[in-house]
2 protein chains.
Amino acid sequence: MINDSPFVKEETRLKVNAIIREVGFEPDPQARGLAFRRSFLIGMIYDNPTPQYVVSMQQGLLDGMRGTSYGLLVHPCERGSQTYLSDLRSFIERQKLFGVILTPSVSEDERLVKMLREFDCPYVRVASVVLDKPGTMVVTHDANGAAEAAHHLAGLGHTRIAHISGPPSFRSAHERRRGFREALAERGLKVDPAMDREGNYTFEGGIAIARELLALNPRPTAVFCGNDEMAAGVYKVAHELSISIPKDLSVIGFDDSTTAIQLWPPLTSVRLPVRDMGRLAIDKLFGKQEKKRPGAGDVAEIFPKLIPRESTAAPDPRA
Amino acid sequence: MINDSPFVKEETRLKVNAIIREVGFEPDPQARGLAFRRSFLIGMIYDNPTPQYVVSMQQGLLDGMRGTSYGLLVHPCERGSQTYLSDLRSFIERQKLFGVILTPSVSEDERLVKMLREFDCPYVRVASVVLDKPGTMVVTHDANGAAEAAHHLAGLGHTRIAHISGPPSFRSAHERRRGFREALAERGLKVDPAMDREGNYTFEGGIAIARELLALNPRPTAVFCGNDEMAAGVYKVAHELSISIPKDLSVIGFDDSTTAIQLWPPLTSVRLPVRDMGRLAIDKLFGKQEKKRPGAGDVAEIFPKLIPRESTAAPDPRA
DNA sequence: CTGAAAGCGCTTACAG
DNA sequence: CTGAAAGCGCTTACAG
């Protein structure tokens, strides 16, 4: 046999082995998939409107898939649309996905999850509350992050504090509000109902509510926004009205997206490590370090953290 | 036969037909792919660092794929990395993609394109110059857009005009600079070499160069930035130095990303319709309205357009 | 434990 | 023009 022949030089053998590895049998995922009745594709299903979030999540998922032969299939959708569920159904049925990752708010849609179970499609849900078997969840303790924001503002001496929440269709909006209010309550503070407003996580939405909030008399001295986009809206209105941040108004965002550092002054925000969350979600999908059964294992937990910057300060004593 | 039986009510027949269509034969892309020796997947290969660009491009590609059973596989990469080409090689070889869309700057990499041709993988390149057979190109006339910026500033009366370009590894950086300079020359103006700087399309890069530019004496009264991210960096430095935009300094960006409207004052920028570009790229890949041969047909052309906002004004006569 | 066969769900080339 | 067979590149269940 050529393999063990003493006439073959060691050097040559190494070369041959190297070439074998290089050329090496990379199995065709299509054929494997056909035999397995399951593709080597992972779907990311999302309806988050923030580009930064989407791209970071994709990066994280790809981080977790590095070195494998899986591919990442992206599938944005609109939860409001007529064809939302039927589009998803045909996507999932057709592609025979290895699994899908759901991010808020689609991760909170039980009809979608029920459909995934029907098709026996493994999934991992990223959300701000445990909605399912622990092994299928990456949960971000948004309430904790919001509480840090509340303590930060209370610590600076603010008492007239406004809140612009996300839309009620996002659980994160409730969690952030809840964490914020509970922490204020611990300090003997509360958000005046007139200053507790429902936004929609968009820049434009932030603008609309900020116009009303900043027209109030007396004005709030601080505002906690459900995300950075809405905080950017508050900045715009403050600029228009020559309200100085942070002298006349402290602002806190949530997400700590790139927006936060591009605003002037740089925005204090609660950091959500989106890319890490993506990697964790893939680890869960692959069942790393866990019992083999899908959905087994523990919840992956993320604790958002306040990043203080220059948009928050003590309230002006004259105000 | 049940189909034409007079005993079957019209209504029932319609129902049956509807159900047939609903259940209806959705062929398995894995099996088709195996038989075709080509998957029903389209790859998006990119190294653009701007999340907004990436997400808009993905949206555009998906727009073009709507109603088909193709899937979009995302593949970010780093052109600098050691494994850049070998990663891509195994991605392309493994997935047997139906085709790929390349965006700047990977779209300008001839080694990559050569590899795609080796593997017989159809591609469409999005770039600011025609680099290939017309049928494979979506070309954005960045030079035109930059010229509009130049005419806008010249028209306002600026003469001390600075330019922060993108990195030389991006063709768009050259095109934007060229268009800008040629248009200024038409007006008998030029960028002082000390005010003509090379950036890297990032926020941080914009900050670093803006610090030097705004320390010059006399200072430029206007600056044209190769993209919005760098313009955001200029804003930051201007704020730090209490240089008022647009009173003391006019600023123009490029891309017209969401950053442009979130900045204060809203940024005058040259709009690149990224989502439309994505749809066009897919149309070309599918060979819509063209001869069947891949790479046949004409260049798809995009003309970027200046969107004037509040970051540009006539220079202060006292300056 | 090894090795040949059947099958995954399609397409294409070929016989009738 | 129609219809049955072979084949795409794998995996799995089964016979030896």
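So that the names make sense, note that chain A is the first sequence line, chain B the second, and so on, each numbered from 1.
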If you check every side-chain atom of B:D28, which of D:dG9, C:dT11, C:dG9 has the closest atom? C:dG9
Which of the following nucleotides, D:dC8, C:dT11, C:dG7, is nearest to the side chain of B:F36? C:dT11
Donor-acceptor check, side chain of A:S172 to backbone of A:S128, threshold 3.5 angstrom: yes or no? no
Distance, rounded to the nearest Å, where A:R38 contributes CZ and C:dG7 contributes C1': 18 Å
Counterpart base for D:dA4, defined by Watson-Crick or G-U wobble contacts under 3.5 Å: none
Quick one about A:D255 and A:S257 (side-chain donor to acceptor, distance below 3.5 Å, no hydrogens or angles considered), yes or no? no
Whether B:R125 and B:D132 form a salt bridge (side-chain N of Lys/Arg under 4.0 Å from carboxylate O of Asp/Glu) is what I want to check. yes
Atom CZ of B:F98 and atom C1' of C:dT11: how far apart are they, to the nearest Å? 16 Å
From CG of A:L34 across to C1' of C:dG7 the rounded distance in Å is 9 Å
Considering only heavy side-chain atoms of A:R37, the closest of D:dG9, D:dG7, C:dC8 is C:dC8
Any strand counts, and the cut-off is 3.5 Å on both contacts for Watson-Crick or G-U wobble. Which nucleotide pairs with C:dA13? none
In whole Å, I'd like the distance from the CD atom of B:Q30 to the C1' atom of C:dT11. 16 Å
NZ of B:K96 versus P of C:dT11: gap in Å, rounded? 18 Å
Do the charged groups of B:R94 and A:E26 touch, with an N to O distance under 4.0 Å? yes
